[in-house]
Structure formats: C-alpha cells, structure tokens
Amino acid sequence: MDRFTESIYTLIVETSTNLPDDVRRAIARAKLTEEMGTRASLALSTIGENIIMAQDDQAPICQDTGMPTFFVRCPVGANQIEMARQIREAVVAATREGKLRPNSVDSVTGKNSGNNLGPGTPVIHFEQWEKDEIEVKLLLKGGGCENKNIQYSLPTELEGLGRAGRDLDGVRKCILHAVYQAQGQGCSAGFLGVAIGGDRTTGYEAAKEQLLRRVDDVNPDPRLAELEAYIMENANRLDIGTMGFGGRVTLLGCKIGAINRLPASFFVSVAYNCWAFRRLGVIIDPATGGITQWLYRDGGELPELGAAEGIAGSEGSRRVVLRAPVSEEQIRELKVGDVVIIDGLIHTGRDALHKYLMDHDSPVDLRGGILYHCGPVMLQDEKGEWHVKAAGPTTSSREEPYQADIIKKFGIRAVIGKGGMGPKTLAGLKEFGAVYLNAIGGAAQYYARCVKKVEGVDFLEFGIPEAMWHLQVEGFAAIVTMDAHGNSLHAEVQQRSLAKLAEFADPVFV
Ligand code: SF4
C-alpha cells in the first residue's frame, strides 16, 4: 500500500470507529441534560457505552457506515486522478477488513458490489487551494439519517407552522419543521447542516458542507449565528428526544450557511446527521503521503461516556425476558415502556427479505419468532465461519407496506427495529398479537456483543446487509414502543411534538 493510501485507510478506520471530540462532548452534554431513569437517558447511556466499545475494539460505531464522502483540498498541480485511485483502494481495503459495510448497490439490478465501489461510490470532492499540503475530510453518513434530509422551496405551507416566506423567518420555520419531520427516525439526537439558497443540487451539497464545521464553532455571520442559537434552544423544546422516545435533547448541533440563488428560487436544504456523526480529517504531507495532523481531535480531556445505566440495566421500567418461540399470551402482557431482554434465536431481515417474503415461503419456521430489522457488518474467517462485526437496528418504517402482512403470514411475534412503524403495522400488531421493540439506533457494537453465535444465513445473494442472518443472542435489550393493544409511543411523541411545533408559528426574525 502506498503511504497516501495507508493514510486514507487510517482516516477511514478512525472515522468509522472513533467519534470526534466535539461530537463526544455534545453527546456527554445531552446525557447530563436528561433526567436519570428516563427512556432518553437510558438510550444515551447505551449510546455512550457503544462509543467506548467501538473505540476499544476498533470496530464500526454503527453498522451503517454510510456513503463514504471525501472532501479533498490539494495544492495546484497535485495529481487528482492518482489520489482518487488511492482513495478507492483504501475504501476497498477498509471494506475487506470490516471497517466499512459493503454499501454500494446497483440501482437497477439491486446487486451489491461488495467492495463499496461503483458508479457514484465513493463520493470524492476535489478543490485546489494555495497551501502546499493536502487536507482530506471524510464524512460517513448513514442511510437512516440521509433519508431524513429535506429540501424546501419557499414560499411554502408547513404542517403546524403555516406559511414560510422567502426570508429568514421562513428559513427558521423550515429548520424547525425538518427536526419535527425526522422524529427519532434519523437516530436522534441529531446534527443539522443547513444551506439557504443555491439550486436543488448545490443546496444539498452546501448543507452537507456545513456538517464539516465544528459543533462548538460560532457562525461568522451574526444573523446566522443568532438563528443557529435560536434553533438549538427551541428545537429542543419539541420533546422528540433521543430515538424519538421523548426528552429534552433532540438536536445536538445546527450549522447554517448561505449561498446565492436564482431570483426565482429560494431553497432551504437540510442535511440531517444522526448522533453517530462520523467525520474526521487529516492533513497530509504531499511529499511523503504521511499524516501530519488530525482534524477534529483537540487532545483535550474527553468527557465520560460510559454507561451509568444502560437500557439492559434499567430499573425504572418493567423488564421481561423473551425467548423464541414466543406465545401470544406473553406478547399480550407487554405494554409500551416495558424493557424486553431477548435470549435465543432471532432472524435479521430488511428491505429485500420483506419484499421476497410477500410472495415466497420463509427458509426457516418463523412461528413465534423474532425478526430484527438489521443489516449487519459480517466477516467470514478462513474456516468459512461468519462473525458479527456490527449489528444495530435499521429504520423500520421502510417495511411499513409489508410488515403487518408478514406478521400474519408467518406468525411472527416480535419485530425489532428503530424509529417505529405506522398505523398499518400497529393495527397488525393488535390483530395478530405481536409487538414492536425499539432497539437503540446506531448501537452496533453494543448489540454485536449480544450475538453469541451465527447459526446460519439465507439469501446471501441479496448482499451481506440484506441477507437473512440467524443469530443466537443473549441479553439483547430493547424497549416496547408499539404494543398489541393499539398503543404507539411513536404516534404519541409525534402528536405531542406537532402541538409544540405550532407554538413556533408566529414570526420571530422579522
Ligand atoms: S446511527 Fe442510525 S441513522 Fe446513523 S448511520 Fe446508524 S442506523 Fe443510520
């Protein structure tokens, strides 16, 4: 491996496994803000524990290692073709070593390239600058939060907030609305990068670039600095909280920039990033290819993130142990808020499997079974045995069109995921006697350690994340957020946050 390739490989590994200092501080502050024993506090403790585990094991913080997006600034005359080649080589190596999940999927055939290379993957932005050093920043932003990005074209009408006009107050409303619409699905608490202006493409690009700012910096434009402070204070009053469980902290950072626009267009583009805000950077000496400096690492004292009270150890809630096959009676006893500890067999399944199961049989008996919305990072050893490298939940709402039918068809009793599901699933849970369990989004190491054995796999042809993995788990903790009695914590938090959102309808920035 060339020295430059090695430097990029190191940057990828560190970004995937070791959260930057400013992000850790923001999460530590959130932990102190939430009241001990609340669901949000339990979730934040698990997140803290997961961050430490990932760092200790040099393993992905979250199983979704996202779209590798590089921002390179290089001296005039630097060979960008060669740099891009070496970046791709480093991406392949990091994927092979299980530091990145194979995430590049052919949009027409659905085939996963297996090495994170393909048209449009990875993303590499080059820019020349006057300095004689190379700066490389890397953002690993997962699909769950990417799906919660949103773009507004002003003027517009916004649910709960009314008309958003073509001014700073309209922008204010868009940003509050962006936080509301994300609920917990982008693995809140989150960070926002916002761009005012541009066109539809450059607006989103500029929004992502705002995510490269440090969490603790101050916007040089006083009007935008004021808006950022306003959003931080008021978005956190929406009571969406970590994972959408309700709570005082919904937003961990908000950075706003502006670029010029066409007279006819007024876009506000919002890039939502989950708590697993993986972005780091390095300065590289072009003569040697070696790293001379790390960015977003201050070397100061890092906050305590270890779990004082992770969700498995929660005392405030009722704790129930489940082992498949689970009976209907056991399920009907569960209520929203109960902490469930799962021991025994679970099966992973996400988009490809749900679509498949609608028209085909399952390769294993799922009666009384537990289905886990998860696309893990897996590595196979020389003996052919599979090992789980990261295994947190994926966003469940994508399975909403299928889930109730699949619960009915196969007699599934529990579905684990994150972000909750909609009314069709809620009705299905009630009718067929099943529950939805919210695991802590992004806690991929925490849950990987619960897997004691990989029993087998089906549909490997769907790609590693989409395959159906059969896993023996122990002490796998999640919270009942939708029960078999028609109750949904997600629906309740959404309604409450909508009422609070409406309190921000009057103009503030006039
Ligand atoms: S923490 Fe959540 S939103 Fe972020 S990458 Fe992981 S699963 Fe996706």
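Treat the numbers as computed from the prediction; the structure is a model and nothing was measured. Start at 1 and go down the list; that is how both ligands and their atoms are numbered.
Residues satisfying the ring pair (Phe, Tyr, Trp, His ring centres under 6.0 Å) criterion with Phe277, sequence neighbours excluded, are Phe191.
His490 and Tyr436 share no side-chain donor-acceptor pair at under 3.5 Å. Glu34 and Ser41 share no side-chain donor-acceptor pair at under 3.5 Å.
Sorted by chain and number, the protein atoms of type N, O or S within less than 2.8 Å of atom 6 (Fe) of ligand 1 are Cys62 SG.
At most 12 heavy atoms of other shown residues, nucleotides or ligands fall within 6.0 angstrom of atom NZ in Lys355. Within 6.0 Å of CD in Glu301 there are 12 or fewer heavy atoms belonging to other residues, nucleotides or ligands.
Residue Lys418 touches ligand 1 through its side chain alone, judged by heavy-atom distances below 4.0 Å.
Here Phe267 and Tyr152 keep their ring centres 6.0 angstrom or further from each other.
Near Gly186, the atoms of ligand 1 lying under 4.0 angstrom from a non-hydrogen atom of the residue are 3 (S). Counting the atoms of ligand 1 from 1 in the order shown, those under 4.0 Å from a heavy atom of Arg278 are 5 (S).
Salt bridge Lys424/Asp405: present, at least one basic N to carboxylate O contact under 4.0 Å.
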